Amino acid sequence: MKTYSYLFLILTTLFVVSTSSKAAPTHIEISNAKRTVLTEMQRLQKQHGIHFVYDSALRLDMPYTGTDISHLPIDKALNALFGHIGIEYKMHNRNVMLRQTTASVQQTT
């Protein structure tokens with residue numbers, strides 16, 4: 001029973017993320033002052049057609065001060081975005097699963 005609950009939760013999450021990305025495209029101009037990890041993720045999602053799956057407790061509202069990643073291939077863009085902030089990613093097809101690294105959890109406690 002527990003396995004079915006987890007499977008249902010994962011499929012529901014993927015469905016919600018998938019349907020939200022099919023909304024009418026909007027052009028969002030983001031100034032450097034308002035760039036966060038989350039806004040860069042949204043940009044990558046639209047540009048590359050990927051979907052992010054992560055725990056809502058993961059802190060993604062931190063400022064992104066790195067270089068422009070819009071011109072990079074997806075693997076290099078993900079490395080640039082998450083490589084220095086204590087977030088690991090694993091890509092499976094078009095889904096990118098995020099989790100906080102163990103080292104960053106120890107630093108924050």
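Quantities reported herein were computed from a predicted structural model and do not represent experimental measurements.
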Are any side-chain N or O atoms of Arg94 and backbone N or O atoms of His48, one a donor and one an acceptor, separated by less than 3.5 Å?
-> yes
Is the backbone of Phe52 close enough, under 3.5 Å, to the side chain of Gln45 for a donor and an acceptor to pair up by distance?
-> no
Can you tell me how far apart [atom1] ([X]) and [atom2] ([Y]) are? Round to the nearest 0.5 Å.
{"X": "Thr36", "Y": "Leu60", "atom1": "OG1", "atom2": "CG", "result": "8.0 Å"}
{"X": "Lys90", "Y": "Glu88", "atom1": "NZ", "atom2": "CD", "result": "8.0 Å"}
{"X": "Leu72", "Y": "Leu78", "atom1": "CG", "atom2": "CG", "result": "10.0 Å"}
{"X": "Asn79", "Y": "His84", "atom1": "CG", "atom2": "NE2", "result": "8.5 Å"}
{"X": "Leu38", "Y": "Asp61", "atom1": "CG", "atom2": "CG", "result": "8.0 Å"}
{"X": "Met91", "Y": "His51", "atom1": "CE", "atom2": "NE2", "result": "10.0 Å"}

Student check: side-chain heavy atoms of [X] and [Y] closer than 4.5 Å:
{"X": "Phe82", "Y": "Thr101", "result": "no"}
{"X": "Ile87", "Y": "Tyr54", "result": "no"}
{"X": "Met41", "Y": "Leu81", "result": "yes"}

Scanning both residues in full, the closest heavy-atom pair of Glu40 with Ile69 reads OE1-CG1, 3.5 Å
Between Val37 and Tyr64, what is the shortest heavy-atom contact and its length?
-> N-CB, 3.9 Å
